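Please read these numbers as outputs of a predicted model, since none were measured by experiment. Residue numbers begin at 1 in each chain, while the letters A, B, ... track the order of the sequences. Values below: every heavy atom of this structure, side chains too, minus hydrogens, waters and symmetry copies.
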Amino acid sequence: MVENHVRSALVPLYPRLRRFAAALTGSLAEGDDLVQHACERALTRTYQWQPGTRLDGWLYRIIQNTWADERKSARNRTQAPIEAATDTIGDDGVRRAEARITLDNVYRELCNLPEEQRAVLTLVCVDGLSYKEVAEILSIPVGTVMSRVARGRLALADRLDASGAHSGDNVLKLR
Amino acid sequence: MTVYIDDSTLAAYVDGELDPAQLREIDLLLAGDPRARLKVRRMRETTALLRAACAESHFQDVPDRLLALVEKRPARAANPWLRRMLAASVLLASLVGTDVVLDHVWKPENVATLDSREAMLDEIAAYHLVYARQTEHLVEVPAERREHIEAWLGSLLNRTLRVPDLSSQGLKFEGARLLAIDTYPVAQLLWSREHGDPVALCVTFGSPSNRPLDIEHHRGLNVGSWDENGYTYVVVGAITEDSVRRIAAKVDTGTGAGMGAGIGLGEVPQQG
């Protein structure tokens, strides 16, 4: 049945979901929380997924919507600026004893980009999704995907050029 | 004179989003534009770096809490169909002004150890016996709101849903309700008869494999079920097997087609 299919696919898809969530939040730890919440939500709505369509795309969309809801709640509660999330990667360090992640300079600079560029770059450049698929996941026009990919990629290239060799400071270490 | 190629077009070029004609055009323009060629190279290099930095191997750790979530199964009663259907009050006989004598006593302990499909059909029959006795609230949404029923239940099932016209069978559409079985939506459509118990057609997500109509006898009722195009259909009522077949033949299982087309029994439609 559909629920069983979705449930059994979550673990193999997890690395990609985690990667996307980390790009959205700018933080691996926050990304992990986001994936968990999104998977909980997905399992209560498996009837919304149409067999034969991309399950990863459906899950990305749920992650995106869950993140939007969480940000809205956080904004309502604390009035903190949304942009604070982009600084998280530099201040995060080790958050959990059991999960210590190392990012190289590329990933760190990715996380320093604006959120909308991070999400698009991850889906297009890393996941290899088409512009149309990304537009559907993020609920934005294809033209917006194009411009964000272009700006984001060149901005990342500029940052990498400016940052030079890798820095050992403020990194999350990948095992 | 060098024609300016905007960054979005260059990005689409790098990502393979251009059609062949556009590709040829950009190739020609790039041949005469070293600045644009440099941007293309930077974009490709950055893409390669991103893929390396964001390889799935860096995100492999699956946390215990996700494993627990995936392995967790909702608590299930022995008869999930019965549990769900009993949550709704379906009342029939009084609406048609006919006393219905039901001579079968429903006893949940009568359910033998059957495979899951047989158990499901038995539970449908057992519940039908219960709601057939009701005198009010046969349906949740009345037939007067047919378009709403079709849109509402169709959206939950990710398909076009049309109420079959069973008037030729002497059946009058009374309305519908939504049931939930293990978080799955079940569209239940109900028809009344001048003489006899109401008849129900249930539609829900089913097996990806098609399965022809099969009629079983459960608790004094005929229960006909089949699977098609990823959906399970069940016709239930105190009706003859021929009536079950005629009703099933009127059900259009096309997920995008309108009503009335129907399919012949025994046909195996192309699976989508």
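- A salt bridge is defined here as a Lys NZ or Arg NE, NH1 or NH2 lying under 4.0 Å from an Asp or Glu carboxylate O, and Arg42(B) with Asp161(A) meets this definition.
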side-chain contact (heavy atoms from CB on, under 4.5 Å) evaluation trace for Val14(B) with Arg153(A)
CA-CA 11 Å; Val14(B) 167; Arg153(A) 199 155 29 190; 3.9 Å; yes

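- Residues Tyr47(A) and Asn158(B) share a closest heavy-atom pair of O-ND2, 2.9 Å.
- Contact annotation for Ala48(B): neither backbone nor side-chain heavy atoms come within less than 4.5 Å of a heavy atom of chain A.
- Both the backbone and the side chain of Leu156(B) come within contact range of chain A, each with at least one heavy atom under 4.5 Å from a heavy atom of that chain.
- With a 4.5 Å cut-off on non-hydrogen atoms, Glu40(A) touches chain B through its backbone and its side chain both.
- Distance check: Leu49(B) CG to Tyr107(A) OH gives 15.0 Å after rounding to the nearest 0.5 Å.
- Here OH of Tyr131(A) is found 3.5 Å from CG of Asp15(B). Values are rounded to the nearest 0.5 Å.
- With a threshold of 4.5 angstrom between heavy atoms, Leu10(B) does not approach chain A through any atom at all.
- No donor-acceptor pair under 3.5 Å is formed between the side chain of Arg51(B) and the backbone N or O of Asp127(A).
- Heavy-atom pairs under 4.5 Å with chain B peak, among Arg19(A), Lys132(A), Met146(A), at Arg19(A).
- Pairing each heavy atom of Arg7(A) with each of Leu69(B), the nearest pair is NH1-O, 3.0 Å.
- With rounding to the nearest 0.5 angstrom, the CD atom of Glu71(B) is 11.5 Å from the CG atom of Leu10(A).
- Here the CZ-CD distance, from Arg18(A) to Gln60(B), works out to 9.5 Å after rounding to the nearest 0.5 Å.
- Heavy-atom minimum distance, Leu67(B) versus Val11(A): CD2-CG2, 3.8 Å.
- Few gaps surround CZ on Arg37(B); more than 12 heavy atoms of other groups in view lie less than 6.0 Å from it.
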Residues Cys54(B), Thr122(A); criterion side-chain contact (heavy atoms from CB on, under 4.5 Å); working and verdict:
CA-CA 8 Å; Cys54(B) 301; Thr122(A) 302; 5.8 Å; no

Would Cys125(A) and Thr46(B) count as a side-chain contact (heavy atoms from CB on, under 4.5 Å) if you check the C-alpha gap in whole Å, the side-chain angles of each, and the deciding distance to 0.1 Å?
CA-CA 9 Å; Cys125(A) 299; Thr46(B) 304; over 6 Å; no

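- When the candidates Gln36(A), Arg148(A), Gln50(A) are compared by the number of heavy-atom contacts under 4.5 Å with chain B, Gln36(A) comes out ahead.
- For Asp7(B) (side chain) and Ser147(A) (main-chain N/O), no donor-acceptor pair under 3.5 Å exists by modelled atom type.
- Residue Asp19(B) places its CG atom among more than 12 non-hydrogen atoms of other residues, nucleotides or ligands, all under 6.0 Å distant.
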Evaluate the criterion side-chain contact (heavy atoms from CB on, under 4.5 Å) for residue pair Leu28(A) and Phe59(B); output intermediate values, then yes/no.
CA-CA 9 Å; Leu28(A) 276 163; Phe59(B) 301 89; 3.6 Å; yes

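- Contacts of Glu17(B) with chain A are made by side-chain atoms alone, with heavy-atom separations under 4.5 Å and no backbone atom involved.
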